[in-house]
Structures are given as C-alpha cells and as structure tokens.
Amino acid sequence: MIVAMRKDATPEHIRRVVEKIRQAGLSPVEMPGGERTAIGVASAIPADLRGPLTDQLQALEGVASVTQVSRAFKLASREFHPADTVIALGEVRIGGPQVVVMAGPCAVESREQMHQAAAAVKEAGGLILRGGAYKPRTSPYAFQGLESEGLRLLQEAGRKFGLLTVTEVMDPHDVGLVAEHVDILQIGARNMQNYPLLVAAGKSGRPVLLKRGMSASLDEWLLAAEYVLSAGESRVILCERGVHPLDRTYTRNTLDLSCIPVLKELTHLPVVVDPSHATGNARLVPAMCRAAVAAGADGLLIEAHPEPARALCDGQQSVGTRTLGSLVAELRQVARAVGRTL
Ligand code: PEP
Ligand code: MN
C-alpha cells in the first residue's frame with residue numbers, strides 16, 4: 001500500500017498517517033520525494049484490515065491517494081517508487097544517464113596485480129574497481145581468496161587510483177569488515193537467497209550489488225532485493241550474470257538480456273550486466289557488453305586481469321587489462337547511439 005501525500009501536506013499530516021499505520025500493527029516507510037512525500041506499507045496487510053485502513057487513511061488531512069501495490073515485492077516495485085533510483089557515490093551516479101563501467105580481476109591476488117588492474121580501469125574510463133577477497137569456489141581445494149588482506153589491497157588500489165570499489169561478501173559475520181573496506185557490497189549468485197546475509201548487508205550502511213541466482217526467476221530476485229530494502233538499505237543494484245544454460249558447450253551460462261527491459265518496467269532499481277560470468281569466455285565479452293548497453297543496462301561488471309593466463313580464478317573469462325581501453329571506447333559509441341554516456 002502507498003499513501004501519496006498532497007504537495008501542501010505538512011509534517012504533522014505526515015506524522016498522523018505514519019501513526020495510523022503503526023496503530024494498525026504495520027510498519028510505515030517514509031519516502032520523501034522532490035515535490036511530495038509518499039508513505040509505504042511494505043508488509044502484507046491482512047485482508048480484513050485493507051478496506052477499513054484504506055478508508056481511514058483516505059479521510060486523513062493531507063492525503064492525496066491510497067493505492068495497493070499488486071506485486072509481491074513492494075519497496076523494489078515501480079508502483080511504489082515510479083522514478084528511477086539513482087545511486088550517488090561521490091561523483092559517480094549509478095542508474096542515471098551514464099553507463100558505469102566496473103572492472104577488475106575475479107580475485108585479488110597481490111598488490112602489484114591490483115595496482116596494474118586499477119591503473120588500467122582508471123585509464124580506460126572505468127569508475128569502479130572489482131576484486132574478490134572471499135571467493136565462492138566450487139571446490140574447497142581451489143584458491144579461496146586473500147580474505148582480509150584482499151580487502152586491504154582492493155581498498156589501497158581503489159584509493160590510489162581514485163576508483164570506487166566493489167567486492168563479494170559471503171558470510172553475515174564478515175559484513176562489518178567488508179563494509180569498512182569497500183564502497184559497494186556484492187552478494188553473489190550462490191547467495192542470492194541467503195536471507196540472513198541479505199538482511200546483514202541491508203543493515204551495513206553500504207549499497208548492495210545483488211547478483212541474480214543462476215536459476216532465479218525475476219520475482220525471486222526482486223524478492224531477494226526486497227530483503228535488503230526492507231532491512232533499511234535503499235541503494236540496491238541488480239546484476240544479471242547469466243542463468244543456468246541449456247548448453248554448456250560454448251558458454252558457461254546464458255545471458256538473459258531480456259531481463260533488462262522487463263526489470264525496467266518492474267522496478268526502479270539500477271540494472272547492471274556481468275558479461276564475464278554470463279559467457280565464461282573472454283572472446284564473447286565485448287559483444288555481450290555492446291548488447292547489454294544497447295538493451296539499457298546501467299552498468300557493466302567486467303572481469304579484467306593484467307595477465308589472464310596466470311589468473312588464480314576465472315582467467316579464461318577475463319579480458320586483458322591492455323584491451324580494456326579499446327573495449328570501453330567501443331562501448332561509448334553504443335551508449336551514444338542509445339542516448340547514454342559512458
Ligand atoms: C564473481 O563476481 O566473481 C562471482 C563469483 O560471480 P557470481 O556470483 O555471478 O558467480
Ligand atoms: Mn569470477
């Protein structure tokens with residue numbers, strides 16, 4: 001349910017609406033807008049309460065309208081928040097006219113590797129540096145990441161080259177430490193439905209980049225986003241990274257590009273695309289980057305390594321940092337063609 005206030009509603013009118021919703025045993029969420037405030041009720045409203053509560057709210061002074069949100073996800077829904085969410089981090093805007101390039105290695109491996117990667121990302125015009133410190137590996141014998149040392153190296157490289165940073169967090173207990181070191185918390189595909197992790201990330205004070213689970217429907221994904229939003233963090237970025245494929249012969253996953261325009265209808269949250277995990281093959285990454293920008297993605301999360309052949313993780317899908325500049329230059333033209341900058 002959304003209660004839209006009139007433009008001339010006073011703080012006292014808003015307070016009475018909030019109070020009325022609380023008295024009904026529900027949790028109001030205030031959403032101040034440019035011109036007017038809306039108050040949302042994200043939790044399910046018992047059927048017998050819906051009619052009377054709607055009538056009571058409509059009768060209050062300063063209320064313009066009361067509407068029901070028909071989707072299972074509420075805070076994530078466009079019905080709830082018609083304008084695009086634009087996430088401001090320093091000078092960077094995610095979800096605005098500029099397509100944001102986030103790039104860097106799958107895993108943080110060393111100081112030198114991170115400095116080389118960060119220098120290349122900066123030089124290419126990327127704005128956000130990625131690098132995994134806690135790696136979700138299929139095998140327990142594979143490289144698991146440098147953990148807290150990796151966070152430090154990522155932070156250092158980001159600061160040195162004036163880039164924001166993003167890294168994955170896998171365990172709710174690590175959320176505090178990760179949030180101290182990076183600008184954006186990533187929740188990986190394998191953890192999209194790890195609800196305690198979603199709630200912990202939503203309380204961290206950092207924006208959350210939420211990857212789509214490999215077999216998740218859009219509704220499941222948006223309900224996962226809803227966990228973060230309802231825990232108090234309004235800055236959620238959705239990241240499509242490919243879904244479980246029909247055929248693994250040539251690609252690791254199947255990039256679901258159609259999710260971009262569908263999500264643009266369903267939600268106000270920014271949508272970015274990870275062409276690296278989607279294809280599993282560096283040769284296919286440029287074409288999928290172009291397609292993602294053309295389809296309306298707000299950003300790209302690209303795996304890039306100074307020496308892909310020697311990468312400790314996902315080298316086969318990492319583009320060489322030397323080629324990042326020409327890739328981004330090409331994408332700039334696509335962005336221009338669809339009325340965006342990059
Ligand atoms: C990653 O970004 O390095 C990663 C592990 O991605 P995903 O969760 O999409 O597999
Ligand atoms: Mn990876």
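All ligand and atom numbering here is 1-based and tracks the order in the structure. Remember, it's a predicted structure, so these values are computed and weren't measured experimentally.
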Asker: Only one of Arg235, Gln98, His268, Arg93 clears side-chain contact (heavy atoms from CB on, under 4.5 Å) with Val86; which?
Answerer: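 Option passing the side-chain contact (heavy atoms from CB on, under 4.5 Å) with Val86: Arg93.
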
Asker: With side chains defined as the heavy atoms from C-beta onward, is the minimum distance between Leu53 and Leu26 less than 4.5 Å?
Answerer: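 Side-chain contact under 4.5 Å: yes.
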
Asker: For residues 258-267, pull every pair meeting side chain to side chain donor-acceptor pair (under 3.5 Å), keeping only residues two or more places apart or in separate chains.
Answerer: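 Residue pairs with at least one partner in residues 258-267: Asp256-Ser258, Lys264-Asp298.
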
Asker: With 2.8 Å as the limit, jot down which protein N, O or S atoms are around the Mn ion (ligand 2).
Answerer: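 Protein N/O/S atoms under 2.8 Å of the Mn ion (ligand 2): Cys106 SG, His277 NE2, Glu303 OE2, Asp314 OD2.
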
Asker: For ligand 1, give me the residues whose heavy-atom distance to it is below 4.0 Å, by chain and number please.
Answerer: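 Residues near ligand 1: Cys106, Arg130, Lys135, Pro136, Glu168, Gln186, Gly188, Ala189, Arg190, Lys211, Arg241, His277, Glu303.
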
Asker: Using the side-chain contact (heavy atoms from CB on, under 4.5 Å) rule, pick out the option among Leu151, Asn191, Leu185 that qualifies with Val169.
Answerer: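 Considering Leu151, Asn191, Leu185, a side-chain contact (heavy atoms from CB on, under 4.5 Å) with Val169 is found only for Leu185.
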
Asker: Kindly say whether Asp314 contributes a backbone atom to a donor-acceptor pair with the side chain of Gln317 at under 3.5 angstrom?
Answerer: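 Not confirmed, Gln317 side chain does not pair with Asp314 backbone.
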
Asker: Is Glu233 salt-bridged to Arg206, cutoff N-O under 4.0 Å?
Answerer: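 No.
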
Asker: Any sub-3.5 Å donor-acceptor pair from Arg212's side-chain atoms to Cys239's backbone N or O?
Answerer: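 No.
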
Asker: Using the side-chain contact (heavy atoms from CB on, under 4.5 Å) definition, which of the options Arg16, Glu12, Met5, Arg6 pairs with Glu61?
Answerer: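 Exactly one pass, corresponding to Arg16.
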
Asker: Quick one: list whatever passes ring-ring contact (aromatic ring centres under 6.0 Å, His included) with Tyr227, sequence neighbours left out.
Answerer: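 Once residues adjacent in sequence are excluded, the partners of Tyr227 under the ring-ring contact (aromatic ring centres under 6.0 Å, His included) criterion are Tyr195.
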
